[in-house]
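Encoded as structure tokens, the structure appears first; notes follow it.
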Amino acid sequence: MKVVIVGGVAGGATAAARIRRLDEQAEIVVFERSGYISYANCGLPYYIGGVIEDPEELTLQTPERFFSRFRIQMKVHHEVTAIHPDRKTVAVKNLETGESFEESYDKLLLSPGAKPVRPNLPGISSSKVFTLRTVEDTLRIRNYVNQHQPLSAVLVGGGFIGVELAENLRHAGIDVTLVELGRQLLSPFDADMAAFIHSEMRKHGVKLALGHMVKGFEEKADGLDVLLENAAPLHVDFVVLAIGINPEASLAKDAGLALGLKGSILVNDRMETSVPDIYAVGDAVQVKHYVTGEDALIALAGPANKQGRIAADNICGGDSRYPGSQGSSVLKVFDLTAASTGINETNARKSGLDAEAVILSPMSHASYYPGGKVMTMKVVFEKGTYRLLGAQIVGYEGVDKRIDVLATAIHAGLKATQLKDLDLAYAPPYSSAKDPVNMAGFMIENIANGILRQWRLEDAAGLPRDGSVTLLDTRTEGEYARGHIEGFKNIPVDELRDRLDEVEKGKPVYVICQSGLRSYIASRILEGNGYEAYNFAGGFRFYDAVMNDRALIETAYACGMDK
């Protein structure tokens, strides 16, 4: 059996190695257009910022090492220009010599990846406008930084690459402005959770121009003007575009393979395309979202690796199936860690799901053990069924392990109420006897049993101030004095039982505290004394962070960037 693979990196290189492990006799040829067959995509921004110093560290495998261990022909700087399914060949061009030839196959695997979106804007061909996708892109940006010692940059796009690169350019001492068309960074997060990420970016000197569209670029003698719609130009030394990617599926299209979203390659759960003996994996393929079942494009290394393994199994006669992509991710944002899995509340509602969420602010480990830090968790579930839909966490240590537990729970089909039953490891330096994941489960069970009734951030502005409801802040007097929501009366929770005569009977009571715990206790006191009480999801800490962020975004929008 002869297998030809188009593209290396996560999907193609993984598939090649797996095929060899399953079939020692197979002839395997990999054609890679770039000079690198397996490299650390996710490490590219960290080389630009100097965190990773040796470019060799970005290369996970070389063609020589691959051949030595697996006897696989890895042909770099070879571009496949056409597929001929009728005669089971591909047309190949050697980019170093210019030679063109055809290569036959019994099985063909496409792993072409995706290409950066590069809109046809005025001035985009400037040598000071870069994209970041490959090792070669990384080296170009790093060389530019080393040679020209730029002082300022604009990053266009607020996804993973834009946020990571912003941190790394700041690490290199460069003044950074991040321009994003949407009103928030990192679309896997809801806007309220993104507020904590925005705050961390600003704290480290990154200026945010949210809600702005780039119209073009103008070269100047001393740099580059970035032209914004309805705002003054931004004058900087260079620009990096990170506004998204499109599937690299031109080969598939020209060969008549069925296509999906944004021209992606359509595959089934065996990673088979519409043409026999042709498989496809990675960023170029359309998959099913594991939570919603909807068609999706999810460009992450983890799914690409799994798909490569599944395709390899099936090429070798197996029957492996890809269940869909869940979109689990984790990101370093300066000192913060931000992670998500499944779908957020916004997208759940767009998909027609009746979504609800709990928001909590647990410590990373036992509060009495030194060094614990607060994290903010948002767990999204479906009303009525309590099906887990997704989760987002922003914090410091311990974020990654909690998101992995929640990702596993979603994959296993656990209900949100079952999070309380998970038997998770505990020692004071690492967790609490009631782990944050368990706590989320307790809260959701309380909602299911009618013990907890919530009010949410989006309800705040609409709460009547005409006396028809009672608005109650149960923090200490000192906390209340440092900031509170207009119209809320302060009765500390520990004084509430003795001051119930100050809370009028027959009216709903909307309760808030700093994190949601004391107000929950207050709600139970009120309910036990005949009141109808609603607890604020997230507490004043959450409310204050989100409202401050919204105010900063609105103020900055008027002038094009944060000040």
Side-chain angles (χ1 to χ4, degrees), residues 1-44 46-47 52-80 88-90 92-97 99 101 103-113 133-139 248 270-272 277-285 299-320 322:
M1 177 177 68
K2 181 177 180 180
V3 183
V4 169
I5 299 175
V6 180
V9 198
T14 296
R18 175 70 171 172
I19 292 168
R20 173 57 73 228
R21 289 194 292 271
L22 296 177
D23 187 344
E24 182 63 18
Q25 307 308 317
E27 181 183 354
I28 308 167
V29 183
V30 179
F31 294 111
E32 168 58 46
R33 182 169 49 192
S34 76
Y36 302 87
I37 53 96
S38 182
Y39 58 85
N41 300 64
C42 300
L44 301 183
Y46 298 97
Y47 176 68
I52 298 173
E53 297 181 352
D54 185 355
E56 295 296 321
E57 295 293 329
L58 299 174
T59 305
L60 303 180
Q61 282 284 1
T62 65
E64 295 76 20
R65 291 205 300 266
F66 230 96
F67 184 80
S68 175
R69 175 159 295 182
F70 297 111
R71 292 300 187 268
I72 294 171
Q73 299 178 60
M74 289 284 187
K75 297 189 175 183
V76 297
H77 296 134
H78 280 69
E79 181 176 9
V80 173
K88 299 187 81 167
T89 65
V90 294
V92 186
K93 182 177 182 180
N94 184 326
L95 299 178
E96 293 179 349
T97 67
E99 173 197 6
F101 59 93
E103 188 85 22
S104 64
Y105 66 84
D106 295 311
K107 304 286 185 181
L108 176 64
L109 174 63
L110 303 178
S111 180
R133 181 68 180 172
T134 66
V135 173
E136 287 90 345
D137 294 336
T138 306
L139 297 177
E248 181 62 271
R270 287 170 47 86
M271 309 314 298
E272 295 170 322
D277 296 323
I278 301 181
Y279 298 75
V281 300
D283 296 353
V285 305
L300 293 169
N305 272 281
K306 295 179 184 71
Q307 292 161 16
R309 179 185 174 90
I310 288 165
D313 288 352
N314 295 325
I315 286 170
C316 294
D319 187 24
S320 292
Y322 186 65

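For the single chain, residues carry numbers from 1 onward in sequence order.
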Completion exercise
For Leu139 and Tyr47 the tightest heavy-atom approach is CD2-CE2, 3.7 Å
Practice task
Taking Asn305 for its side chain and Gly302 for its backbone only, find out whether a donor-acceptor pair lies under 3.5 Å.
Solution key: no
Problem - Between CD1 on residue Ile28 and NZ on residue Lys107, distance to nearest 0.5 Å - result: 14.0 Å
Exercise for the section: Would you mind checking if Lys93 and Glu79 are paired as a salt bridge, meaning a charged N to carboxylate O distance below 4.0 Å? Expected result: no
Problem - Met271 side chain reached by Tyr322 side chain, heavy atoms, under 4.5 Å - result: yes
Completion exercise
Ala312 and Leu22 have their tightest heavy-atom pair at O-CD1, 4.1 Å
Problem - Polar side-chain atom of Arg69 near backbone of Arg65 as donor-acceptor pair, under 3.5 Å - result: no
Problem - Test item: Thr14 side-chain N/O and Ala10 main-chain N/O as donor-acceptor pair under 3.5 Å - result: yes
Practice task
Give the C-alpha distance, both sets of side-chain angles, the deciding distance and a yes or no for salt bridge (charged side-chain N to carboxylate O under 4.0 Å, His left out) between Lys88 and Glu103.
Solution key: CA-CA 9 Å; Lys88 299 187 81 167; Glu103 188 85 22; over 6 Å; no
Practice task
Determine yes or no for a side-chain-to-main-chain donor-acceptor pair under 3.5 angstrom, with Glu32 supplying the side chain and Gly7 the backbone.
Solution key: no
Practice task
Give, for atom CD1 of Ile19 and atom CE of Met1, the distance between the pair rounded to the nearest 0.5 Å.
Solution key: 6.0 Å
Practice task
Work out which heavy atom in Gly308 is nearest to a heavy atom in Ala15; give both atom names and the distance.
Solution key: O-CB, 3.3 Å
Handout entry: Heavy-atom check, side chain of His77 versus side chain of Phe31, under 4.5 Å
Key = no
Problem - Backbone of Gly318 reached by a side-chain donor or acceptor of Arg270 within 3.5 Å - result: yes
Exercise for the section: Return each pair, listed once, that meets side-chain hydrogen bond (donor to acceptor under 3.5 Å, both in side chains) where at least one residue sits in residues 15-31; pairs must be two or more places apart or across chains. Expected result: Arg18-Asp313
Fill in the blank from the handout: In terms of heavy-atom contacts, Asn314 and Tyr279 come closest through O-OH, 3.8 Å
Practice task
Could you tell me whether the side chain of Lys2 and the main chain of Ser104 form a donor-acceptor pair under 3.5 Å?
Solution key: yes
Problem - Result of checking Val29, Val4, Leu110 against Val90 for side chain to side chain contact (heavy atoms under 4.5 Å, CB included) - result: Val4
